[in-house]
Amino acid sequence: MLWSTLFIPTLREVPAEAEVISHQLLLRAGYIRQLSAGIYNYLLLARRSLLKIEQIVREEMNAIGGQEMLLAALHPAELWQESGRWQVMGDNMFRLKDRFGRDLCLGMTHEEIVTSIARGELRSYKQLPQIWYQIQTKFRDEPRPKSGLLRVRQFIMKDSYTFDLDAKGLDIAYDKHHAAYCKIFDRCGLEYIDVEAHSGAMGGSESHEFMIASDAGEDFVVRCQNCGYRANLEKAVSRASEPLAADLDGNFEPEQFHTPDQKTIADLAQFTNLPETSQMKSLAMVVDKKPVLIMMRGDHQLSETKLAAVLHATELRPAHPQEIVEWFGASAGSLGPVGVNNMRVLADDALKGRRNLITGANRDDYHLRNVTPGEDFRPEYFDLRQAASGDACPNCGSPLEIVKAIEIGHIFKLGYKYAESMGLRVLGEDGKEITPIMGSYGIGIERILTCAIELYHDPDGMALPASIAPFSVVITPVNYREPLQREAADLLYAECTRAGIDALLDDRDERPGVKFKDADLIGIPYRVTIGKKLNEGKVEFGERRTRASEEVLLHGALAHLQKRLGLPVT
RNA sequence: CGGGGCGUAGCGCAGCCUGGUAGCGCACCUGCCUUGGGCGCAGGGGGUCGCAAGUUCAAAUCUUGCCGCCCCGACCA
């Protein structure tokens, strides 16, 4: 395409509202413009890049037998009421009414829709398995859109859904997706981490996330550099460090002592001269409207995700101060498990086998010493602890690290949740009804672009992987008015076009500096500069990412480019 | 939804405290000039100062309300 005819509104300065790099560059490079909070228009460059990403996704999904569909974006409330998610999704769902007052919503995901198609049409085991997918816009009324295209209210997603006869079939579909996702992210030039994840409000059992390590991310990944263990922080298992002080041995009775104004674990550690690892933290939570007391080692953090998982809870919050006083007769700084019998008491596994610890006395300004879990109170033990950096790897014992990351893909084994609640059944070989088992697999299309920018940029702009850049090459005649340069540039451009390479010819009447700056900014992977060496028949071939450049003959430029792009030389 | 910040030309900002009818840089238009890293010179166009009400002879400036955007938190397949 000819640059002089295109709308590529590059900016010299960074718009004030952009905080993260990818957002700044997307705006500066003229890829996107904001319409409203979390809602963006994708201009030419973004559109081209996103189309390339979609095409890679499409090819890999087709390769595992996926069938592309285009599903409705506007959904009747009834479907979501059937699955129960009309309620569950709460304010995250965009809702509207039609002229007759019927409730509708904008699709945030399509489990209900594919299930509704399947239950009307799939009748026999012979029709399974099925892999259906779509690449289209989804809507979520995010409470706080932010970071450019990272957290938005309208975005493109590839979602696939699988239907299988049994768990074994689902395993196959799941593994196929896992493999396809690896190929997709490889082809997009991204270094990803696939982690075990929690399946959240989707329901279901096994789940993996594909993450890109980045400071712009909102998720945390725990990983072991030694053995390769990796997991979402919400799910990560780790070995806690040893307590800093040995427990007092022996059978002692809990003993109350006065602790004026000692509210936090740190206060108590100082006051009692015993480390945080010898303290027990008492957390009053409200889980599905019922109070629960959680006991943790003093220096440990509760993972609310793990808590929700073990209790199969949908709603979970810390108790309000008034509730705490009502249930415990004391306020938050002095809570403890001894004598509590009006609620479930849970304890983290790290408290198993500990003896004679310190915890609250359920009386303001008093604590108890010599409290032994399992003797002085009988908790239900679970793994409730959030992994922390420095914890030991559960597999090999090496120290774990925690990195910030952006989620770009998520695969789930859904199980029977939707098939059951929405009445999807087929007849099996023996003539009996079978409920198919489902899987659901998403990829955030814009996030691939965003992550590529976060990963690959320098002070001059983006340096996109060739597979997803809006153009493969930019041809830059230093002075397009110069007839020889023009002739050479036009020739190379025509050659590229004939060879099926996306070339951008910078035919603008601009000074070379402007053209170079713009080319760098928009991140085209290769640039052929046509200038002073043309009288020797040579042009300059440059690589954006590395800044490496070499002189090649004009007549060999196309072949050189094809080689670098991994294409057959024509 | 809680806390904070910002809203003045397409972009970045000053002016606001101390009220007197809007300015700078970049971008844009015209002409000349220049052509290997956002040239130079000259001329020019563009703003109901987020919206509304109030105070005042007079409001970008003071007061109140609303709206929008950004950041932190809560939230988040």
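A, B, ... follow the sequence lines: proteins, then strands. Residue 1 opens every chain. Worth knowing before you read on, the calculation uses all heavy atoms, side chains too, and leaves out hydrogens, waters and symmetry mates. Since this is a predicted model, take the numbers as computed values, not measurements.
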Check [Y] with [X], please: is the shortest side-chain N to carboxylate O separation under 4.0 Å?
X        : Y        : value
A:Arg151 : A:Glu218 : yes
A:Glu54  : A:Lys158 : no
A:Glu82  : A:Arg119 : yes

For [X] and [N], what is the distance between atoms [atom1] and [atom2] respectively, to the nearest whole Å?
X        : N     : atom1 : atom2 : result
A:Arg144 : B:C75 : CZ    : P     : 13 Å
A:Leu150 : B:C75 : CG    : C1'   : 17 Å
A:Asp458 : B:G37 : CG    : C1'   : 14 Å
A:Asn479 : B:G36 : CG    : P     : 8 Å
A:Met108 : B:C75 : CE    : C1'   : 12 Å
A:Met89  : B:C76 : CE    : C1'   : 11 Å
A:Tyr480 : B:U34 : OH    : P     : 22 Å
A:Asp509 : B:C33 : CG    : C1'   : 12 Å

Counting only Watson-Crick pairs (N1-N3 plus N6-O4 or O6-N4) and G-U wobbles (N1-O2, O6-N3), all under 3.5 Å, who is the partner of [N]?
N     : value
B:G40 : B:C32
B:G7  : B:C67
B:G45 : none
B:G12 : B:C24

Name the pairs: protein N/O against N/O of nucleotides 11-14 of chain B, kept only if under 3.5 Å.
unit_1 : atom_1 : unit_2  : atom_2 : d
B:C11  : O2     : A:Glu13 : OE1    : 3.4
B:G12  : OP1    : A:Ala16 : N      : 2.6
B:G12  : O2'    : A:Glu13 : OE2    : 3.4

Under the side-chain hydrogen bond (donor to acceptor under 3.5 Å, both in side chains) rule, what pairs show up with a residue in residues 473-482 of chain A, not counting sequence neighbours?
A:Tyr480-A:Asp490, A:Arg481-A:Asp509

When we call it a touch if two heavy atoms are under 4.0 Å apart, what does [X] touch: a base, just sugar-phosphate, or nothing?
X        : answer
A:Met157 : base
A:Arg527 : base
A:Asp91  : nothing
A:Asp460 : nothing
A:Ser147 : sugar-phosphate
A:Gly442 : nothing
A:Asp159 : base
A:Lys515 : nothing

Would you list the pairs meeting ring-ring contact (aromatic ring centres under 6.0 Å, His included) in which at least one residue belongs to residues 6-39 of chain A, sequence neighbours left out?
A:His23-A:Tyr40

For [X], what residues pass the side chain to side chain contact (heavy atoms under 4.5 Å, CB included) criterion, not counting sequence neighbours?
X        : answer
A:Gln154 : A:Ile39, A:Thr137, A:Phe139
A:Arg508 : A:Trp3, A:Ser4, A:Asp506, A:Glu510, A:Lys515, A:Asp518
A:Glu536 : A:Lys533, A:Lys538
A:Gln130 : A:Gln67, A:Leu122, A:Leu128, A:Trp132, A:Phe163

Does a distance-only test, which skips hydrogens and angles, find a donor-acceptor pair under 3.5 Å between the side chain of A:Arg151 and the base of B:C76?
yes

Separation between the [atom1] atoms of [N] and [M], rounded to whole Å:
N     : M     : atom1 : value
B:G65 : B:C28 : P     : 43 Å
B:C32 : B:G68 : C1'   : 45 Å
B:G44 : B:C13 : C1'   : 23 Å
B:G37 : B:G45 : C1'   : 30 Å

Tell me, please, which residues at least two apart from A:Ser36 pass side chain to side chain donor-acceptor pair (under 3.5 Å).
none

Any residue meeting side chain to side chain donor-acceptor pair (under 3.5 Å) with A:His555, in chain and number order, not counting sequence neighbours
none

Measuring from the side chain of [X] (C-beta onward, heavy atoms only), which nucleotide among [options] has the closest atom?
X        : options             : answer
A:Val514 : B:A74, B:A77, B:C39 : B:C39
A:Glu540 : B:C75, B:G36, B:G38 : B:G36
A:Pro512 : B:C76, B:G36, B:G38 : B:G36
A:Phe516 : B:G36, B:G73, B:U34 : B:G36
A:Lys517 : B:C76, B:A77, B:G38 : B:G38

Side chain to side chain contact (heavy atoms under 4.5 Å, CB included) assessment of A:Leu302 paired with A:Arg385
CA-CA 5 Å; A:Leu302 169 68; A:Arg385 186 173 60 92; over 6 Å; no

Does NZ or CZ of A:Arg95 lie under 6.0 Å from the centre of the six-membered ring of A:Trp86, at an angle within 45° of the ring axis?
yes

Does the cation-pi check pass for A:Arg153 over A:Phe94, that is, NZ or CZ under 6.0 Å from the six-membered ring centre and within 45° of its axis?
no

Mapping A:Gly531 and A:Asn92 to their closest nucleotides on RNA chain B, which lands nearer the 5' end?
A:Gly531

5'-most contact on RNA chain B (nearest-nucleotide basis), A:Ala37 vs A:Ile530, goes to A:Ile530

Distances for protein N or O near nucleotides 27-30 of chain B N or O, under 3.5 Å:
unit_1 : atom_1 : unit_2  : atom_2 : d
B:A27  : OP1    : A:Arg12 : NH2    : 3.1

Name every residue in residues 23-36 of chain A that has at least one heavy atom under 4.0 Å from any atom of RNA chain B, in order of residue number, or write none if there are no such residues.
A:Arg28, A:Gln34, A:Ser36

Which atom pairs, donor and acceptor, lie under 3.5 Å between side-chain atoms of residues 446-455 of chain A and protein residues at least two apart or in another chain?
unit_1   : atom_1 : unit_2   : atom_2 : d
A:Glu446 : OE1    : A:Ile156 : N      : 2.9
A:Glu446 : OE2    : A:Tyr42  : OH     : 2.5
A:Glu446 : OE2    : A:Ile156 : N      : 2.8
A:Arg447 : NE     : A:Leu150 : O      : 3.1
A:Arg447 : NH1    : A:Glu407 : O      : 2.8
A:Arg447 : NH2    : A:Leu150 : O      : 2.8
A:Thr450 : OG1    : A:Glu446 : O      : 2.8
A:Glu454 : OE2    : A:Ser22  : N      : 3.0
A:Glu454 : OE2    : A:Ser22  : OG     : 2.8

